[in-house]
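Worksheet: one structure, shown below.
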Amino acid sequence: MHRGKGMKFVGDSRIRSYEKNRIPKDYSEYPGKTEAFWPNFLLKEWIIGAIFLVGYLILTVAHPSPLERQADPTDTGYIPLPDWYFLQMYQLLKYEFASGPYNVVGAIIIPGLAIGALLLMPFLDTSKERRPFKRPLPTAFMLLTLFAMIYLTWESVVNHDWEAAEAQGQIVEEAEFDTSDPGYEIYMGQSCVTCHGENFEGTPAGVPLTGTGHTPEEVADIAVNGVVKDGQQVMPADAFEGSDEELQQLAEFLSTVTQQ
């Protein structure tokens, strides 16, 4: 008998010598290194979880999601962009061998081969060796996958027009206007509506017309002479095809279009 340890039997012939190590040690063999699951361990887990939850809530309030304007299925000029973790797949679909009539290659075959190789890896490499240079097949597959993901993501980021994407997804206030005004009928009958939208919200081809602050004279001048920005003609000249009286009515109407 050992003091503080309880009674122990030594040399029990019913237990083989090579099996003695299989018997787990008593709970009291690890003083100060073990604790009860309830409530000690679980309480610590709850505290850590609560700290992270509060941190996520603070980040959510401080940095809201970059929402865009309401989706419009009739807007064929809108270019959607997936989240960052799908950018490599998005970039893959831009190449000729994986897009157009061959999009099944980029959308199904190539990802399917990658996932299939990942599932078969435990069967393809049965070695007990853990050193990377002793396992050439899984090491090469891992490096190839990592390089492809980084390269495709980088190519997708640098080749995307982020300024145009921000402009096309910008939330624009709804316009307040009088549909009985003669200028509105002229606007709907001209090519203006194609670029600036039915509700003056703007499109990828034209800026919004709500709350511009332009006077009727300035609006008429833009409709006739167009707009040049940074040396480029962003709005063509002579876009208006009506009479001078209709131009005046249109200019006066557009100068009164405001945001709600």
Side-chain angles (χ1 to χ4, degrees), residues 32-95 98-99 103 106-108 110-112 114-119 121 132 138-139 141-176 197 199-213 229-230 258-260:
K33 297 183 179 179
T34 58
E35 60 181 342
F37 178 78
W38 172 266
N40 301 10
F41 179 79
L42 197 56
L43 182 59
K44 293 179 181 179
E45 293 292 312
W46 284 349
I47 293 175
I48 297 300
I51 293 175
F52 275 93
L53 178 61
V54 172
Y56 289 141
L57 292 177
I58 293 175
L59 289 176
T60 302
V61 174
H63 303 281
S65 300
L67 300 178
E68 297 184 354
R69 60 183 173 85
Q70 186 175 1
D72 183 7
T74 63
D75 184 6
T76 58
Y78 181 80
I79 302 177
L81 186 69
D83 289 323
W84 65 268
Y85 43 83
F86 283 130
L87 285 178
Q88 69 269 16
M89 298 294 301
Y90 177 72
Q91 179 65 23
L92 184 62
L93 295 175
K94 295 180 181 179
Y95 298 121
S99 62
N103 57 3
I108 298 178
I110 295 180
I115 296 175
L118 183 63
L119 295 175
M121 192 55 60
T139 301
F141 176 73
M142 180 201 68
L143 294 177
L144 177 62
T145 304
L146 186 61
F147 172 78
M149 294 176 63
I150 294 176
Y151 174 77
L152 292 175
T153 302
W154 174 259
E155 284 292 309
S156 179
V157 170
V158 299
N159 292 321
H160 185 71
D161 191 346
W162 295 99
E163 294 182 358
E166 182 180 0
Q168 71 179 359
Q170 187 176 8
I171 299 177
V172 181
E173 298 290 341
E174 294 183 359
E176 184 177 359
N199 296 317
F200 312 97
E201 73 278 8
T203 67
V207 298
L209 298 180
T210 55
T212 59
K229 184 178 180 180
D230 298 332
T258 59
Q259 297 177 349
Q260 289 184 348

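Remember, it's a predicted structure, so these values are computed and weren't measured experimentally.
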_Spacing of CG belonging to Leu152 relative to CG belonging to Leu93, to within rounding of 0.5 Å_ = 10.0 Å
*Nearest-0.5 Å distance, CG of residue Leu81 to CH2 of residue Trp162*: 4.5 Å
_Straight-line distance of Asp83 CG to Phe86 CZ, nearest 0.5 Å_ = 8.0 Å
*Under the side-chain hydrogen bond (donor to acceptor under 3.5 Å, both in side chains) rule, collect the residues that match up with Asn159, sequence neighbours excluded.*
Glu155
*Please identify each residue that fulfils side-chain hydrogen bond (donor to acceptor under 3.5 Å, both in side chains) with Tyr56, with sequence neighbours left out.*
none
*By side-chain contact (heavy atoms from CB on, under 4.5 Å), which residues pair with Thr145, not counting sequence neighbours?*
Phe141, Met149
*Point-to-point distance, once rounded to the nearest 0.5 Å, from CD1 of Ile110 to CG of Leu92*: 4.5 Å
_Results of side-chain contact (heavy atoms from CB on, under 4.5 Å) for Trp46 - residues two or more places apart only_ = Trp38, Leu42
*Please name the pair of heavy atoms, one in Met89 and one in Gly106, separated by the smallest distance, quoted to 0.1 Å.*
CE-O, 3.7 Å
*With a 4.5 Å heavy-atom cut-off, do Gln88 and Ser156 have their side chains touching?*
no
_With Tyr95 via side-chain hydrogen bond (donor to acceptor under 3.5 Å, both in side chains) - residues at least two apart_ = Gln91
*Got a sec, which residues hit side-chain contact (heavy atoms from CB on, under 4.5 Å) with Pro132, two or more places apart in sequence or on another chain?*
Thr139
